[in-house]
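By convention in this document, chain letters (A, B, ...) are assigned in the order of the sequence lines, proteins followed by strands, and residues within each chain are numbered from 1.
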Number of protein chains: 2
Amino acid sequence: MKPVAGTRGALIGPAGQENGYVMKDKTITIYDIAQEAGVSPSTVSRVLTGNAHVRREKRERVQNLIDKYNFVPNALAKGLSDTMTRSLGVVAADIRNPFYAAVFMACEQAAERLGYTIGLFNSLNRVENEEEQIEKFRQQKTDAIILLGGRVDDLVTNTQFAEHVRDVCRTTPVVVTGKLDRTPCYSVRIDASAAMRQLMDHLFSFGHERIAMIGGRLDVTSTYEKYQTYSAMLHERGIRENGEYVVSGGYDYQSGYDGMNRIFALRERPTAVVAINDFAATGILRSIIEHGLSVPDDISVVSFDNTYLSELTIPKLTTTDYDYDHFGRLIAETAIAAAEHREPDPEVRVGTTLVVRESSGPASV
Amino acid sequence: MKPVAGTRGALIGPAGQENGYVMKDKTITIYDIAQEAGVSPSTVSRVLTGNAHVRREKRERVQNLIDKYNFVPNALAKGLSDTMTRSLGVVAADIRNPFYAAVFMACEQAAERLGYTIGLFNSLNRVENEEEQIEKFRQQKTDAIILLGGRVDDLVTNTQFAEHVRDVCRTTPVVVTGKLDRTPCYSVRIDASAAMRQLMDHLFSFGHERIAMIGGRLDVTSTYEKYQTYSAMLHERGIRENGEYVVSGGYDYQSGYDGMNRIFALRERPTAVVAINDFAATGILRSIIEHGLSVPDDISVVSFDNTYLSELTIPKLTTTDYDYDHFGRLIAETAIAAAEHREPDPEVRVGTTLVVRESSGPASV
DNA sequence: GGAAAAATCGCAATCGGTTGCATGTTGCTC
DNA sequence: GAGCAACATGCAACCGATTGCGATTTTTCC
């Protein structure tokens, strides 16, 4: 930037406008305000931050100028001298997924209430991207970094990724919605196990015994926990676990659709299926309809997440809800508390609620 | 921040770790690198930015240290002296809406490729929020601000909002996906009129004449354009426009559902309905099913946006697609070009493609 | 009324970079 | 080998805030 002629704090000229073309106004600084108010920049800074004594008369004089010029302090400069930028960096696996969108929103709202700003980035689940963005946030000196889904959940690539995160943790607190072993970061996550329990209990109460589980990769922590619980609960009831009923895959429509088609290839089909999430459930619904059966009369379908998808399918889905506002708030609060060295609980799990809608019913004979 | 003892650029100590507790590492700066490399900070800066001559030997010496310490230049400091932060601020109406999510993602990907970072904020359509966030971005000195949907589309509150935006435009380029009259900001938007034309032609080709339009507020620019085209095309065909067939409302599931129920209250029902977007279409589908009719046999349903929703409904929706990657790229490129004073086209419209799926068919008798 | 305590407020350093200017160095040309 | 352009590199100012220190003014209290 070219140095401005004269010393700091030149006079504030009239807003620039030149023969039709918009001209950038000179950005005004505390020096400008200070000069016009006849005080020192320090004083302006003090009325800005508010935590110091300034004589009433001067305070008002300065405040008026601030209002008059619609002055906003430069966050970069502030961050530079403060070491606190009051900003959080979020890396989300895929913001198009309604689950992440909901969490992000809640998180962002909470952060905002606490006076923090949020930067978002989508990793699209590519590791390089994720690491790259974490670096970018580090450059920007965000006070904390939040990882929504993505690699934090993946037990396989976990090792090398954890390595990187571990490195980052040494300079910036990191909170993840998954589990990263032996890494000093905060974890705030859904109690996947409890959610599965609710779903299974619900199905049992309807007399289901042949229950399938479709979608999700077992190397993802939350999915693994779900499977563990699924398996355990069948055993508790003395029901033989049928390996063919567990079809792993992804977390989208197609995975649900393909998975259910696989199920239909079996000689004995289940009376109920648990989808890994609402998204997959929609694919499952489609497959069932295409096979000429109906939900829940022939087959019950339940899923996780209670995103808005579960209300717009036909039939509406029975799912588990997480109170997104609460979830998001916990994430934001944890991140901020960590940023402010208030040592938050390093591991928080949030509960779930069963939401019964139309897609589940008594087991067919 | 407490001043560090000694002069600038103390020696780099070993990574801090203390009886189990993680300790923040000292953040290293170009001064540290400079000292250890035995050169001046200017030189380090020069190898960092790359656009200056540095003797090969020194360049390598510095580069090695940068790698060794995994040094990342402080973006705040850089932004302070540069006046370019290479960051964009995005204010989205509601990121949970798959349309905005898709646009945002595309936009973000494009910006990233161009070396820019993105900050996101959700206005949830509340004006104060929107203005407040714009201010926040201004403080952060983002090089440009992008407004996705929200108030930029609203013709009513437009006046006062435009006032504010006009103010912002004087310091930061603004690009909107709508239309803001008499405001010096860039507009990149869907050709809503063309999209409607494709939908109507498609329906006409199936012999439909009694066509309803459900959802959307006429005081929103894009919706108004759609309605204008809808109306004009009926007239072209010499079809009398039935006022009761135009049911305005919101842009969500409920609006579609309620709107369609209203239609069913009429004595003569339409043979086809155009939903304001995929979201509303899902509600319409529900209403039709509940009335014991089927799509598209009894009624055809078409909509706008081609979000992933249109593929997971039963039946899958016929909609208009926008090539989101292209759309997002245009937005990002416009914003960046403006930021770099390269005067981009102030008004760009992106075309649409009809995607025929299962929800439309011949008019029933 | 006078002294100590408290409130004001400016100076100047600092955060971590970038860059114009000035001062060498090198390399080329003839 | 002289002359000159291009290259290298350091110094110091600057971006726009914050803040400790110390000087000055007010208040408060006996």
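Atom CD of B:Gln140 is separated from atom P of D:dA17 by 14 Å (rounded to the nearest Å). Residue A:Leu76 contributes atom CG, which lies 10 Å from atom P of D:dG16 at whole-angstrom precision. In this entry the distance linking CD1 of B:Ile30 with C1' of C:dT18 reads 8 Å, nearest Å. Per the geometry, CG belonging to A:Leu48 stands 11 Å off C1' belonging to D:dG16, to the nearest Å.
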What N/O pairs connect the protein and nucleotides 9-11 of chain D at under 3.5 Å? Give each pair on its own line.
unit_1: D:dT9; atom_1: OP1; unit_2: B:Arg55; atom_2: NE; d: 3.4
unit_1: D:dT9; atom_1: OP1; unit_2: B:Lys58; atom_2: NZ; d: 3.4
unit_1: D:dT9; atom_1: OP2; unit_2: B:Arg55; atom_2: N; d: 2.6
unit_1: D:dG10; atom_1: OP2; unit_2: B:Ser40; atom_2: N; d: 2.9
unit_1: D:dG10; atom_1: OP2; unit_2: B:Ser40; atom_2: OG; d: 2.7
unit_1: D:dG10; atom_1: OP2; unit_2: B:Thr43; atom_2: OG1; d: 2.5
unit_1: D:dG10; atom_1: N7; unit_2: B:Arg46; atom_2: NH2; d: 2.7
unit_1: D:dG10; atom_1: O6; unit_2: B:Arg46; atom_2: NH2; d: 3.0
unit_1: D:dC11; atom_1: N4; unit_2: B:Ser42; atom_2: OG; d: 2.9

Verdict with reasoning, B:Ile145 to B:Leu88, per side-chain contact (heavy atoms from CB on, under 4.5 Å) = CA-CA 6 Å; B:Ile145 292 178; B:Leu88 268 26; over 6 Å; no
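Salt-bridge check for A:Arg113 with A:Glu333: failed, with every basic side-chain N at 4.0 Å or more from each acidic carboxylate O. Taking the charged nitrogens against the carboxylate oxygens, B:Glu112 and A:Lys136 do have a contact shorter than 4.0 Å, which makes a salt bridge.
Using a distance-only test at 3.5 Å, with no hydrogens or angles considered, a donor-acceptor pair links the side chain of B:Thr29 to the main chain of B:Tyr31.
In this model, the phosphate group of D:dT18 is approached by a side-chain N or O of A:Ser45 to a distance below 4.0 Å at OP1 or OP2.
Residues satisfying the side-chain hydrogen bond (donor to acceptor under 3.5 Å, both in side chains) criterion with A:Glu340, sequence neighbours excluded, are A:Tyr116, A:Arg342. A search for side-chain hydrogen bond (donor to acceptor under 3.5 Å, both in side chains) contacts involving A:Thr43 returns A:Ser40, not counting sequence neighbours.
For B:Ser81, taking side-chain heavy atoms from C-beta onward, the closest of the listed nucleotides C:dG16, D:dA17, D:dT19 is C:dG16.
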